[in-house]
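Notes follow once the structure below has been shown.
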Amino acid sequence: QVQLVESGGGLVQAGGSLRLSCAASGDIICMSAMGWYRQAPGKERELVATITGRGSTSYADSVKGRFTISRDNAKNTVYLQMNSLKSEDTAVYYCHARICGFWGQGTQVTVSS
């Protein structure tokens, strides 16, 4: 089992930046493969970025070149640096422990145009 707590969301103007954090605790195996997802109003939850325990990353095409996922294993924390934000990035962002299937509570990101 793993507990995930997201933070760092908020309101930002288009073109701005935010950094989301996901603090994890619990089963280390569950925390090895992590991901960020998002869900906009009226839309399905979608994958944003993933990172393995060794630091390999992947991104959705819509965020490539703008978002960066990283992790600090000493702090059991995963980050999502979001730059050049667009109004279409507005959503609730969720941290996900991919191996064990646990989700955080989500953090709201709102980008004003």
Side-chain angles (χ1 to χ4, degrees):
Q1 190 170 2
V2 64
Q3 292 76 45
L4 305 172
V5 179
E6 301 102 331
S7 61
L11 174 64
V12 63
Q13 289 188 334
S17 298
L18 282 174
R19 188 177 81 156
L20 306 183
S21 299
C22 172
S25 60
D27 192 323
I28 292 176
I29 293 177
C30 289
M31 293 185 275
S32 59
M34 300 292 293
W36 284 99
Y37 291 69
R38 67 186 182 187
Q39 188 167 18
K43 295 187 177 181
E44 294 187 353
R45 192 170 297 188
E46 63 176 359
L47 178 64
V48 175
T50 66
I51 187 166
T52 68
R54 295 184 177 183
S56 297
T57 60
S58 65
Y59 298 92
D61 288 343
S62 59
V63 306
K64 280 182 181 176
R66 300 188 298 123
F67 290 12
T68 303
I69 188 171
S70 62
R71 67 190 300 154
D72 184 336
N73 290 331
K75 296 182 179 180
N76 291 331
T77 300
V78 177
Y79 304 98
L80 185 68
Q81 178 67 43
M82 306 185 293
N83 299 328
S84 302
L85 283 162
K86 306 175 181 179
S87 57
E88 51 263 45
D89 295 318
T90 294
V92 178
Y93 284 71
Y94 297 91
C95 182
H96 183 45
R98 304 184 71 208
I99 290 179
C100 299
F102 288 94
W103 294 89
Q105 83 286 352
T107 185
Q108 176 70 47
V109 172
T110 303
V111 183
S112 63
S113 56

Considering only Ile, Leu, Val, Met, Phe, Trp and Tyr, and joining two whenever side-chain heavy atoms are under 4.5 Å apart, list the other residues clustered with I69.
-> V2, L4, V12, L18, L20, I28, M31, M34, W36, V48, I51, Y59, V63, F67, V78, L80, M82, L85, Y93, F102, V109, V111
Taking every non-hydrogen atom, the tightest pair across R66 and D89 | NH1-OD2, 2.7 Å
Here the side-chain hydrogen bond (donor to acceptor under 3.5 Å, both in side chains) pairs for residues 14-31, sequence neighbours left out, are Q3-S25, S17-N83
Sub-3.5 Å donor-acceptor pair from the side chain of E6 to the main-chain atoms of G106, do we have one?
-> yes
Looking only at heavy atoms, the pair that brings L11 and S112 closest together is CD1-CB, 4.3 Å
Partners passing side-chain hydrogen bond (donor to acceptor under 3.5 Å, both in side chains) against R98 (at least two apart in sequence or in another chain) | none
Go through the structure and list residues passing salt bridge (charged side-chain N to carboxylate O under 4.0 Å, His left out) with E46, not counting sequence neighbours.
-> R38
Quick one: are Q108 and T90 in side-chain contact, heavy atoms under 4.5 Å?
-> yes
Tell me, which pairs form a salt bridge (charged side-chain N to carboxylate O under 4.0 Å, His left out) where one or both residues lie in residues 48-62, sequence neighbours left out?
-> D61-K64
Closest non-hydrogen atom pair between A23 and T77, with its separation | CA-OG1, 4.1 Å
For the student: nearest non-hydrogen atoms of S32 and I99, plus distance = OG-CD1, 2.9 Å
What pair of heavy atoms forms the shortest contact from A91 to A40, and how long is it?
-> CB-N, 3.8 Å
Heavy-atom pair of closest approach, residues S113 and A14 = CA-CB, 4.2 Å
For Y37, which residues count as a ring-ring contact (aromatic ring centres under 6.0 Å, His included) partner, sequence neighbours excluded?
-> H96, W103
